[in-house]
Amino acid sequence: MAFVVLFGLLPGINKVAAQSPPQQQRPSLPPIPIKGDTTHTLAKHFVPASGARKSPNEKGFIQRWLVLEPVRKNIARNNIFTDNYLRTTFSTDNFSNDYTTVPKNGETVKVGSEELKWYALDSKAFNFNLYHFTYALNKPPYGILVWLVTVIDCPQEMKDVRMSAGCNSGSMWWLNGQEVLMLSGDRDMIVDNGTSSRLTLKKGKNIIRGAVINGPGMANFCVRFLDEKGSPVKNFNISYQ
């Protein structure tokens, strides 16, 4: 009896099986490269800054910076970056106590026992990736402190603007010699992660100095200015001198 019932169901089972879609073949994965990037070249992510003035990008980010080779720091974890730690460290491992000084491209300075060189570079991205910078120079990518300087030239005075920055992991920023922003703690690089109080950009040259410190993990930053409505300020030129 059971055999008869099963035999009667077979045509229906076969029909369902025939209507089932064929099994999809897994797409081929791209080949795994044999070797990673071993070029150690700045040209992949940066362009040497020229003498011509540069504007911020369409969202107001400053892409041209004088960047000092990294100061080596023995940092096991990033949660040590308190306000006090940052102020003490940046004061100690400083290339100059004059926060309005603008170094020259290719110039070397001494920080502690290290002789370090300045590079004037335009980032190809809106942010400046210090991991890519240190890799290109074959320098340690972790446990670093990096000094930064840029000059912006405003056609007129701009009041009530705010400096806005993001970074991995801790940083401080100065405008025309005055501290205006600190990003302490273990942070990810998020756009507009910290903003200053209201500032005035004077007519003519304004000097921005920054210091970014990082232990393990990625290191990069982004900086722009925002107006009273939170819109990017783009009406200025950027140079490195």
So which atom in [X] and which in [Y] form the shortest heavy-atom distance, rounded to 0.1 Å?
X: P140; Y: P70; answer: O-CG, 4.3 Å
X: T82; Y: S184; answer: C-CB, 4.1 Å
X: L226; Y: S164; answer: CD1-CB, 3.9 Å
X: S239; Y: T150; answer: O-OG1, 3.4 Å
X: A165; Y: L181; answer: CB-CD2, 3.8 Å
X: L66; Y: P103; answer: CD1-O, 3.3 Å

Side-chain heavy-atom pair [X], [Y] within 4.5 angstrom cut-off:
X: S197; Y: V180; answer: no
X: L121; Y: V47; answer: no
X: R209; Y: S96; answer: yes
X: R64; Y: S50; answer: yes
X: V67; Y: F46; answer: no
X: Y131; Y: N214; answer: no
X: T134; Y: I144; answer: yes
X: F81; Y: L183; answer: no

> So which pairs with a foot in residues 209-234 pass ring pair (Phe, Tyr, Trp, His ring centres under 6.0 Å), sequence neighbours left out?
Replying inline: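 Every pair satisfying ring pair (Phe, Tyr, Trp, His ring centres under 6.0 Å) with a residue in residues 209-234: W65-F221, F128-F221, W173-F221.
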[X] and [Y]: same hydrophobic cluster, using ILVMFWY side-chain contacts below 4.5 Å?
X: M163; Y: F236; answer: yes
X: I238; Y: F61; answer: no
X: L199; Y: V233; answer: yes
X: V71; Y: Y85; answer: yes
X: Y240; Y: I207; answer: yes

> Applying the side chain to side chain donor-acceptor pair (under 3.5 Å) test to D98, which of N94, T100, T101 qualifies?
Replying inline: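 Result: among N94, T100, T101, T100 is the only option passing the side chain to side chain donor-acceptor pair (under 3.5 Å) with D98.
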Donor-acceptor pair, distance only, cut-off 3.5 Å: does the side chain of [X] make one with the backbone of [Y]?
X: K104; Y: W118; result: no
X: N57; Y: K59; result: yes
X: T88; Y: N84; result: yes
X: K234; Y: E58; result: yes
X: Q241; Y: V102; result: no
X: N78; Y: G215; result: yes
X: N206; Y: G204; result: yes

Would you compute the distance between atom [atom1] of [X] and atom [atom2] of [Y] and round it to the nearest 0.5 angstrom?
X: R162; Y: E228; atom1: CZ; atom2: CD; result: 8.5 Å
X: K202; Y: E157; atom1: NZ; atom2: CD; result: 11.0 Å
X: L137; Y: K117; atom1: CG; atom2: NZ; result: 8.5 Å
X: F90; Y: M182; atom1: CZ; atom2: CE; result: 8.0 Å
X: C167; Y: M172; atom1: SG; atom2: CE; result: 12.0 Å
X: H132; Y: T41; atom1: NE2; atom2: OG1; result: 12.5 Å

SB check [X] [Y] (cutoff 4.0 Å):
X: K205; Y: D153; result: no
X: R224; Y: D192; result: yes
X: E179; Y: R87; result: yes
X: D93; Y: K73; result: yes

>> Run the side chain to side chain contact (heavy atoms under 4.5 Å, CB included) test on V212 and L130 for me, step by step, so that the C-alpha distance in whole Å, both residues' side-chain angles and the decisive distance to 0.1 Å come before the verdict.
In response: CA-CA 9 Å; V212 175; L130 294 171; 3.8 Å; yes
> What do the steps show when you test C154 against K203 for side chain to side chain contact (heavy atoms under 4.5 Å, CB included), and what is the final call?
Replying inline: CA-CA 5 Å; C154 301; K203 181 179 179 179; 5.7 Å; no
>> What verdict does the side chain to side chain contact (heavy atoms under 4.5 Å, CB included) test give for V161 and T200, after you've listed the backbone C-alpha separation in whole Å, the side-chain angles of each residue and the deciding distance to 0.1 Å?
In response: CA-CA 6 Å; V161 302; T200 296; over 6 Å; no
> What's the verdict on side chain to side chain contact (heavy atoms under 4.5 Å, CB included) for I152 and L201, showing C-alpha distance, side-chain angles and the deciding distance?
Replying inline: CA-CA 9 Å; I152 62 174; L201 294 173; 4.0 Å; yes
> Should we count CD of Q178 as having more than 12 external heavy atoms under 6.0 Å?
Replying inline: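 No, not enclosed.
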> Taking everything shown except K124 itself, do over 12 heavy atoms lie less than 6.0 Å from its NZ?
Replying inline: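 Count over threshold, so yes.
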> Any idea how W147 and Y99 line up, ring-wise: parallel (<30°), tilted (30 to 60°), or perpendicular (>60°)?
Replying inline: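 Perpendicular: the ring planes of W147 and Y99 meet at over 60°.
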Report yes or no: do [X] and [Y] form a side-chain donor-acceptor pair below 3.5 Å?
X: N79; Y: D186; answer: no
X: N168; Y: R187; answer: no
X: N220; Y: N127; answer: yes

